[in-house]
A.B. asks: 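Before we start, here is the structure in question, set down as structure tokens.
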Amino acid sequence: AQKVTQAQTEISVVEKEDVTLDCVYETRDTTYYLFWYKQPPSGELVFLIRRNSFDEQNEISGRYSWNFQKSTSSFNFTITASQVVDSAVYFCALRGLNRDDKIIFGKGTRLHILP
Amino acid sequence: DTGVSQDPRHKITKRGQNVTFRCDPISEHNRLYWYRQTLGQGPEFLTYFQNEAQLEKSRLLSDRFSAERPKGSFSTLEIQRTEQGDSAMYLCASSPARTSSYNEQFFGPGTRLTVL
């Protein structure tokens, strides 16, 4: 079975602090994709990143960085120097290569950035 | 605008009424997906189409739910005899179906349903 666990339901940090959102996944597929999405209060899903299971290189995009550890089945997301505009719900998600493309989402972590 | 569109964006209805949502995928995208997101949860897969064929339905899709994609373009999701538990955001996504490369899913803005 495929499963994504985001143990942190809600996190609050003060602006400019760094924050890490945890994601642990389960899958029997050897090839799979991992994602992070942002959902601001308006409700739309904003795609942030996709990683292939064969590519364990960490990635940095501006203030965002992702740490993919296949050995621990984790795909954590760090926001550096957080800003109030980062306040949103963040979803980690998983998709197998041959499972008709449906995406399995975690329950999300609600992030509050306090001014 | 060439993204996935959904209509309406918001729907308020009384329990027992029928509602229908529409999703227009990105042009020429063969695959169309419906997801449901209840409060405090992540989106959950409901069903998907390849062209006009409905290829998979989740157990979440009760008999009161029906989805169609008659011409392989737009899709409708109908809920009959709505219940308060149907209150959720209904998200549509589309993707191409190329076999030789990754098929990105593009999400629409969603239809937020409130059942009173």
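Each chain gets a letter, A, B and so on, in the order the sequences are listed, and its residues count up from 1.
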A.B. asks: To the nearest 0.5 Å, what is the distance between CZ on F35(A) and CD on E104(B)?
C.D. replies: 6.0 Å
A.B. asks: Given the rule that I, L, V, M, F, W and Y join up when any side-chain heavy atoms are under 4.5 Å apart, are L91(B) and V19(B) in one cluster?
C.D. replies: no
A.B. asks: Determine the option with the most heavy-atom pairs under 4.5 angstrom with chain A, choosing from P109(B), G40(B), G110(B), P43(B).
C.D. replies: P43(B)
A.B. asks: Does a sphere of radius 6.0 Å around CZ in R15(B) hold more than 12 heavy atoms from other residues, nucleotides or ligands, not counting ones at 6.0 Å or beyond?
C.D. replies: no
A.B. asks: With a 3.5 Å distance limit and no angle check, can you tell me whether Y35(B) reaches the backbone of K102(A) through a side-chain donor-acceptor pair?
C.D. replies: no
A.B. asks: So what's closer than 4.5 Å to chain B heavy atoms on Q39(A): side chain, backbone, both or neither?
C.D. replies: side chain
A.B. asks: Would you say that more than 12 heavy atoms from the other residues, nucleotides or ligands in this model lie under 6.0 Å from the NZ of K38(A), or not?
C.D. replies: yes
A.B. asks: Please check if L32(B) and Y90(B) belong to a single hydrophobic cluster, counting links between Ile, Leu, Val, Met, Phe, Trp and Tyr side chain heavy atoms closer than 4.5 Å.
C.D. replies: yes
A.B. asks: CZ of R110(A): more than 12 outside heavy atoms within 6.0 angstrom?
C.D. replies: no
A.B. asks: Counting neighbours of NZ on K3(A) that are heavy atoms of other residues, nucleotides or ligands and sit closer than 6.0 Å, is the number greater than 12?
C.D. replies: no
A.B. asks: Is the distance between the ring centroids of Y37(A) and F107(B) under 6.0 Å?
C.D. replies: yes
A.B. asks: Rounded to the nearest 0.5 Å, what's the gap from CD1 on I103(A) to CD on E44(B)? Could you check?
C.D. replies: 14.0 Å
A.B. asks: Considering all heavy atoms of both residues, which atom of F91(A) and which atom of G42(B) are nearest to each other, and what is their separation?
C.D. replies: CE2-CA, 3.2 Å
A.B. asks: Check the surroundings of atom CD1 in I60(A): do more than 12 heavy atoms from other residues, nucleotides or ligands lie under 6.0 Å from it?
C.D. replies: no
A.B. asks: Picking from R9(B), M89(B), Q37(B), which has the most non-hydrogen pairs under 4.5 angstrom with chain A?
C.D. replies: Q37(B)
A.B. asks: Quick one: what part of Q50(B) sits under 4.5 Å from any heavy atom of chain A, side chain, backbone, both or neither?
C.D. replies: neither
